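These numbers come from a predicted model, not from an experiment.
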Amino acid sequence: MWDGEAAVAALPTVLEGFGVTLVATVLGFAVAAVLGLALALIQRAGPVWLALPVRGAAGFVRSTPLLVQLFAAWVLVPGLDAPVLGVLVLGVHYATYLSEVYRTGIDAVPKGQWEACTALSLPRRRVWRAVVLPQAVRKVLPPLGNYAVSMFKETPLLSVITVHEMVHEANTYGSTHFAYLESFTLAAAVFLLASWPTSVLVRRLEARLAH
């Protein structure tokens with residue numbers, strides 16, 4: 001049965017884990033956003049000798065589970081702190097998905113924009129920086145938001161490499177105080193309260209940009 005006192009007692013521990021979860025999400029998504037854009041540019045405009053292996057590596061990462069990647073990184077890079085390793089693995093994993101999102105946005109830039117840049121003899125770097133990327137990023141903001149929410153909900157996987165995120169803390173508290181129901185319910189509630197408003201904002205942004 002639900003124990004209100006146990007829930008109140010578990011709340012600080014769960015919120016402490018939420019702090020770790022939030023930091024991992026923010027930093028991991030920052031890595032994914034920057035690296036994903038770099039991967040997209042390499043595959044879209046880079047030399048063939050570089051674009052092909054990058055595309056192959058990105059496809060490999062997308063085709064393997066995040067859990068397996070975390071275990072592999074934990075074994076292959078044993079000296080790195082678990083939170084740092086978790087952020088990097090999250091970032092690399094999601095960068096491969098964001099690269100496809102960016103590529104879609106780039107391909108959605110009207111052909112006339114490219115032709116106008118060619119007619120004006122604009123430098124290639126300026127075309128990307130001032131014309132293509134601002135339009136592409138604007139188009140892909142909603143999908144980027146959706147992937148940020150997905151990353152947030154996948155952070156419990158970091159517990160397999162001993163990162164003390166929210167679910168890990170809830171499980172630890174539940175096992176030491178025999179309060180699994182209360183601790184896991186609180187963790188679920190925090191996930192809901194954090195992700196649901198963000199999802200609503202992403203949908204509103206998507207509707208606004210569609211007009």
Side-chain angles (χ1 to χ4, degrees), residues 1-37 61-62 65-67 69-70 82-83 86-102 104-105 108 136-175 177 179-211:
M1 294 181 60
W2 175 265
D3 187 336
E5 292 184 359
V8 171
L11 184 59
T13 301
V14 172
L15 291 179
E16 182 179 352
F18 172 69
V20 176
T21 293
L22 188 60
V23 170
T25 302
V26 172
L27 295 181
F29 192 77
V31 172
V34 174
L35 181 58
L37 180 58
V61 172
R62 282 196 301 271
L66 176 57
L67 183 63
Q69 293 169 18
L70 286 167
V87 166
L88 292 177
V89 174
L90 277 176
V92 172
H93 181 82
Y94 274 88
T96 61
Y97 290 97
L98 297 192
S99 67
E100 292 301 307
V101 173
Y102 284 126
T104 300
V137 171
R138 184 176 184 273
K139 293 176 183 294
V140 302
L141 283 178
L144 292 181
N146 287 328
Y147 274 112
V149 174
S150 296
M151 178 184 290
F152 173 67
K153 292 188 292 186
E154 282 203 287
T155 52
L157 293 178
L158 299 181
S159 62
V160 302
I161 58 171
T162 72
V163 176
H164 293 187
E165 47 71 50
M166 184 163 55
V167 173
H168 179 279
E169 291 295 273
N171 182 62
T172 300
Y173 187 91
S175 63
H177 295 81
Y180 284 107
L181 174 62
E182 291 77 13
S183 60
F184 278 112
T185 300
L186 287 174
V190 173
F191 268 116
L192 177 62
L193 292 174
S195 61
W196 182 73
T198 306
S199 299
V200 172
L201 289 175
V202 169
R203 287 197 297 270
R204 289 183 177 178
L205 178 62
E206 186 174 9
R208 183 175 181 179
L209 293 178
H211 292 86

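Interatomic distance, Leu186 CG to Thr13 OG1, rounded to the nearest 0.5 Å: 10.0 Å. Ile161 contributes atom CD1, which lies 11.0 Å from atom NE2 of His168 (distance to the nearest 0.5 angstrom). Interatomic distance, CG of Leu15 versus CE of Met166, reported as 8.5 Å (0.5 Å rounding). To the nearest 0.5 Å, the span separating OH on Tyr94 from CG on Leu66 amounts to 6.5 Å. For the atom pair CG of Leu35 and OG1 of Thr96, the computed distance is 9.0 Å after rounding to the nearest 0.5 Å. Residue Leu88 holds its CG atom at 11.0 Å from CG of Leu70, rounded to the nearest 0.5 Å.
Looking only at side-chain heavy atoms (C-beta outward), Pro143 and Glu100 stay at 4.5 Å or farther from each other. Proximity of Lys153 to Val149: side-chain heavy atoms (C-beta onward) are separated by under 4.5 Å at one or more points. In this structure, the side chains of Asn171 and Phe184 come closer than 4.5 Å at one or more pairs of heavy atoms. Under the 4.5 Å side-chain criterion, counting only non-hydrogen atoms from C-beta, Leu90 is in contact with Leu158.
In plain terms, the two heavy atoms of Ala32 and Met151 that are nearest each other are CB-CE, 4.2 Å. Residues Tyr173 and Ala179 approach most closely at CE2-CB, 4.3 Å, considering heavy atoms. Smallest separation of non-hydrogen atoms from Gly28 and Val87: N-CG1, 3.7 Å. Minimum heavy-atom separation, Ser183 to Ala170: OG-O, 2.9 Å. Tyr102 and Leu37 get closest at one heavy-atom pair: CE1-N, 3.2 Å. Between Ser159 and Glu165, the shortest heavy-atom contact is CB-OE2, 3.4 Å.
Taking the centre of each ring, Phe191 and Phe152 come in below the 6.0 Å mark.
Checked by atom type and distance alone, the side chain of Gln69 pairs as donor or acceptor with a backbone atom of Val61 at under 3.5 Å. Between the side chain of Thr185 and the backbone N or O of Glu182, no donor-acceptor pair lies under 3.5 Å. When atom types are taken as modelled, the side chain of His93 and the backbone of Val89 share no donor-acceptor pair closer than 3.5 angstrom.
Considering Thr25, Thr21, Leu27 as possible partners of Val23, the one that fulfils the side-chain contact (heavy atoms from CB on, under 4.5 Å) test is Leu27.
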